[in-house]
Amino acid sequence: MEVKPFEQIVREHGPAVLRVCRAVLGPDAAEDAWSETFLAALGAYPDLPEGANVQAWLVTIAKRKAVDQHRSAARNPLPVNDIPEPPPAAAPADTDGLWTALKTLSVRQREALAYHHLAGLPYAEVAQLLGGSEAACRRSAADGIKKLRTLYEEDRNGIL
């Protein structure tokens with residue numbers, strides 16, 4: 001079996017990995033995690049076993065990079081009130097409402113949705129990433145979708 005060039009791997013799986021990073025970390029930190037994912041993958045790609053699920057492998061790396069970013073953020077100092085901070089860059093209009101809705105989900109629901117619906121991983125692989133059973137991951141994703149649909153309906157009806 002011929003090994004694909006890494007550039008082709010980035011083109012094929014980059015959008016799915018970026019969607020996962022956005023769903024798990026939010027729009028502000030997603031691009032950094034995406035870059036770190038592919039930098040880490042570049043070094044390990046030659047040792048990837050033949051026939052491995054490349055997308056699942058990349059999503060696993062992205063999950064670890066997301067955990068690293070959460071840990072790093074927890075160690076960063078808090079800003080002081082005396083120094084004026086520039087306002088954060090606004091998220092693109094097409095993701096702003098989605099991220100607001102995704103933030104209302106639990107981390108497990110958000111990750112289950114991202115890995116299954118955005119990355120296209122089967123629930124068995126999602127269960128390996130998150131820990132727990134396939135049925136529990138399926139339930140987390142279903143509960144997350146149900147909550148997102150409820151929020152969407154409330155928004156359409158002018159309640160929000």
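Given the structure is predicted, the values throughout are model-derived calculations rather than measurements. Both backbone and side-chain heavy atoms feed into the values below; hydrogens, waters and symmetry mates do not.
Between the CD1 atom in I145 and the OG atom in S140 there is a gap of 12.0 Å [rounded to 0.5 Å]. Residue H70 holds its NE2 atom at 13.0 Å from CZ of R75, rounded to the nearest 0.5 Å. How far CG of L129 is from OG1 of T60: 4.0 Å, rounded to the nearest 0.5 Å. Annotation: the span from T100 atom OG1 to L102 atom CG amounts to 9.0 Å, rounded to 0.5 Å. Rounding to the nearest 0.5 Å places CD of E111 at 11.5 Å from CG of L105. Distance check, rounded to the nearest 0.5 Å: CG of L42 to OG1 of T37 gives 12.5 Å.
If you chain together hydrophobic residues whose side chains sit under 4.5 Å apart, V59 and Y123 never meet in one group. By the criterion of side-chain heavy atoms lying less than 4.5 angstrom apart, applied directly or through intervening Ile, Leu, Val, Met, Phe, Trp or Tyr residues, V10 is grouped together with W57 in one hydrophobic cluster. When the side chains of ILVMFWY residues are joined at heavy-atom separations under 4.5 Å, either directly or via intervening members, L39 and I61 end up in two distinct hydrophobic clusters.
Side-chain atoms of N53 and E125 include a donor-acceptor pair closer than 3.5 Å.
Residues A62 and V17 come closest through the heavy atom pair CB-CG1, 4.0 Å. In plain terms, the two heavy atoms of A41 and L58 that are nearest each other are CB-CD2, 3.6 Å. When every heavy atom of A127 is checked against every heavy atom of C137, the shortest pair comes out as CA-SG, 3.4 Å. In this structure, Q69 and A29 approach most closely via the heavy-atom pair OE1-CB, 3.0 Å. For the residue pair R108 and A136, the shortest heavy atom distance occurs at NH2-CB, 4.4 Å. Between E36 and K65, the shortest heavy-atom distance links the atoms O-CE, 3.7 Å.
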Exercise. Walk me through it: do V126 and H116 pass the test side chain to side chain contact (heavy atoms under 4.5 Å, CB included)?
Key: CA-CA 7 Å; V126 173; H116 179 72; 4.1 Å; yes

Practice problem: Test side chain to side chain contact (heavy atoms under 4.5 Å, CB included) on V24 and K63 and set out the steps. | Solution: CA-CA 8 Å; V24 173; K63 177 185 182 351; over 6 Å; no

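Under a 3.5 Å cut-off, the side chain of W34 and the backbone N or O of G14 do form a donor-acceptor pair. With hydrogens and angles disregarded, no donor-acceptor distance shorter than 3.5 Å links the side chain of S72 to the backbone of D68.
Heavy-atom contacts from other residues, nucleotides or ligands closer than 6.0 Å to CD of E31 number 12 or fewer. For CZ of R19, the number of neighbouring non-hydrogen atoms (other residues, nucleotides, ligands) closer than 6.0 Å is greater than 12.
Between R138 and E134 there is a salt bridge, with a side-chain nitrogen of the basic residue lying less than 4.0 Å from a carboxylate oxygen of the acidic one. In summary, R139 and D143 engage in a salt bridge, as defined by a charged side-chain N under 4.0 Å from a carboxylate O.
L113 places a side-chain heavy atom less than 4.5 Å from the side chain of L148.
Residue pairs meeting the ring-ring contact (aromatic ring centres under 6.0 Å, His included) criterion with at least one member in residues 3-30, sequence neighbours excluded, are F6-Y45.
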